[in-house]
Amino acid sequence: MGVFERYLTVWVGLGILAGVGLGLLIPGAFQVVAAMEIAQVNLVVAVFIWIMIYPMMIQIDWHAVKDVGKKPQGLMLTLVVNWLIKPFTMAGLGVLFFQYVFADWVDPQSANEYIAGMILLGVAPCTAMVFVWSQLVKGDANYTLVQVSVNDLIMVGAFAPIAAFLLGVTNVTVPWETLLIATVLYVVLPLLAGMATRQLLVKQSPTALGQFVARLKPWSVVGLIATVVLLFGFQAGTIVERPGVIALIAVPLILQSYGIFFITWWGAKWLKLPHDIAGPACLIGTSNFFELAVAVAISLFGLNSGAALATVVGVLVEVPVMLSLVAIVNAWKPRAI
């Protein structure tokens, strides 16, 4: 694992500080960037999101899906948690905290936007960082590819309907067209681009794919940090005026992460999965495709919305939380499943 991935928490933290500082020093520049939109999609953020996603999509081997029948239990656990449990527990926690527990500290409109951002995180299971977490727990790399590949196939069709349903249940009006456009822009097209690039590289030589991915990997983190700088720059005024909001949003997100992890781990124990499959399954179910959630939140609610802020807090929370869960998985390995 390279220096970018190893110190990802540090880079995210520095990106947050830089974003807030620049947002306070040169707010006009961020307003100009915010205005660069087409059909509610910010062009600058879209470029950075693609820089993040594209290197990870190239690594997905769609031919690996054919091997899923050999070890179906780990995949079924991942899919059940990702699509039948996680979105609904995230929505429930959002409603519980922002309509009841934190109701006295947050106005109703902001509360609804924070809930919406949390829902978008919950409906976007991790695609990119899964490979990093799986490597850290010595997971089965080929099986992780199968899990990610099948998960992405389902996400193409399921993300928009589930997100729209849950956002509607929580009284947030969602334009389906925007949600579908965002799904195509940030899931379908990067997947197709990644598949095409992978096919071309594999045809060139046995080592071309690995070399190309190695060159692109740092750019994925650069895209993430650039996006964080922009998003926290857009939210700089809110963060300085109401720093407690960050803490309020973080509470249910942290509870969701640890709760889903232990649900998945207990499921893996019940299924008697080997450690190299159980570990990645738990981490895939716990982590989020925050790149997609951030992009959709911006498209639906705007760069300066509470929903966008909630998804950005998801980025801040996820990295240290996931590193702690990696440590737990590795510590439990001697008594594993």
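Just so you know, these numbers come straight off a predicted model, no measurement behind them. All residue numbers refer to positions in the sequence shown, counting from 1.
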| field | Residue pair L77 / A281: nearest heavy atoms and the distance that separates them | value | CD2-CB, 4.5 Å

| note | Nearest heavy-atom contact between S110 and V106 is CB-CG1, 3.8 Å

| request: Look up atom CG in L255 and atom CG in L96, then write down how far apart they are to the nearest 0.5 Å. | output: 9.5 Å

| said: Distance check, rounded to the nearest 0.5 Å: R198 atom CZ versus L209 atom CG? | reply: 5.0 Å

| Approximate separation, where rounding is to 0.5 Å, of N82 CG and T286 OG1 | 9.0 Å

| query | Can you hop from I263 to M76 via hydrophobic side chains spaced under 4.5 Å? | reply | no

| message | For the backbone of K138 and the side chain of H275, can you confirm whether one donor and one acceptor N or O come within less than 3.5 Å of each other? | response | no

| request: Locate the shortest heavy-atom distance separating G279 from V329; write the atom from each residue and the value. | output: CA-CG1, 3.9 Å

| When rounded to the nearest 0.5 angstrom, what is the spacing between CD1 in I260 and NZ in K86? | 7.0 Å

| task | State plainly whether one hydrophobic cluster holds both V47 and V32, where clusters connect Ile, Leu, Val, Met, Phe, Trp and Tyr through side-chain heavy atoms under 4.5 angstrom apart. | result | no

| Close side-chain approach of I249 and F98, heavy atoms under 4.5 Å | yes

| query | How far does CZ of F232 sit from CD1 of I16, to the nearest 0.5 angstrom? | reply | 4.0 Å

| message | Quick check: do N288 and P125 have side-chain heavy atoms less than 4.5 Å from each other? | response | no

| If you group Ile, Leu, Val, Met, Phe, Trp and Tyr by side-chain heavy-atom gaps below 4.5 Å, do V312 and L17 land in one group? | no

| said: Apply side-chain contact (heavy atoms from CB on, under 4.5 Å) to residues L166 and M90 and explain how you reach the verdict. | reply: CA-CA 10 Å; L166 290 175; M90 183 71 95; over 6 Å; no

| query | Going through the distances and angles, do V123 and W83 end up as a side-chain contact (heavy atoms from CB on, under 4.5 Å)? | reply | CA-CA 7 Å; V123 187; W83 299 108; 4.3 Å; yes

| query | Does the side chain of F261 come within less than 4.5 Å of V321's, by heavy atoms? | reply | no

| task | Evaluate the side-chain proximity of P252 to F97: yes if any heavy-atom separation is below 4.5 Å, no if none is. | result | yes

| query | Does Q256 use its side chain to pair, donor to acceptor, with the backbone of M118 at less than 3.5 Å? | reply | no

| query | So, T197 side chain and G194 main chain: donor-acceptor pair closer than 3.5 Å or not? | reply | no

| side-chain contact (heavy atoms from CB on, under 4.5 Å) between L120 and L167: does it pass, once the steps are laid out? | CA-CA 9 Å; L120 291 174; L167 292 172; 4.2 Å; yes

| message | Could you check whether any side-chain heavy atom of Y258 comes within less than 4.5 Å of a side-chain heavy atom of L325, counting everything from C-beta outward? | response | yes

| task | List the steps and the verdict of side-chain contact (heavy atoms from CB on, under 4.5 Å) for M195 and I58. | result | CA-CA 6 Å; M195 291 171 64; I58 296 173; over 6 Å; no

| said: Looking at every heavy atom in both S305 and A297, which two are closest together, and how far apart are they? | reply: OG-O, 4.2 Å

| Can you find a heavy atom in the side chain of V251 that is under 4.5 Å from one in the side chain of F102? | yes

| request: Examine V213 and L200 and state if one hydrophobic cluster contains both, with Ile, Leu, Val, Met, Phe, Trp and Tyr joined whenever side-chain heavy atoms are less than 4.5 Å apart. | output: no

| request: Indicate yes or no: at least one non-hydrogen side-chain atom of Y114 is less than 4.5 angstrom from one of L248. | output: no

| message | For the NZ atom of K269 and the CG atom of L271, what is their distance to the nearest 0.5 Å? | response | 12.5 Å

| message | Between L79 and F88, is there shared hydrophobic-cluster membership here, with clusters defined by ILVMFWY side-chain heavy atoms closer than 4.5 Å? | response | yes

| field | Nearest heavy atoms of F30 and G233, plus distance in Å | value | CE2-CA, 3.6 Å

| said: Counting C-beta onward and ignoring hydrogens, is there a side-chain heavy-atom pair between V222 and W219 closer than 4.5 Å? | reply: yes

| message | Ignoring hydrogens, what is the shortest heavy-atom contact between G117 and A310? Give both atom names and the distance. | response | CA-CB, 3.9 Å

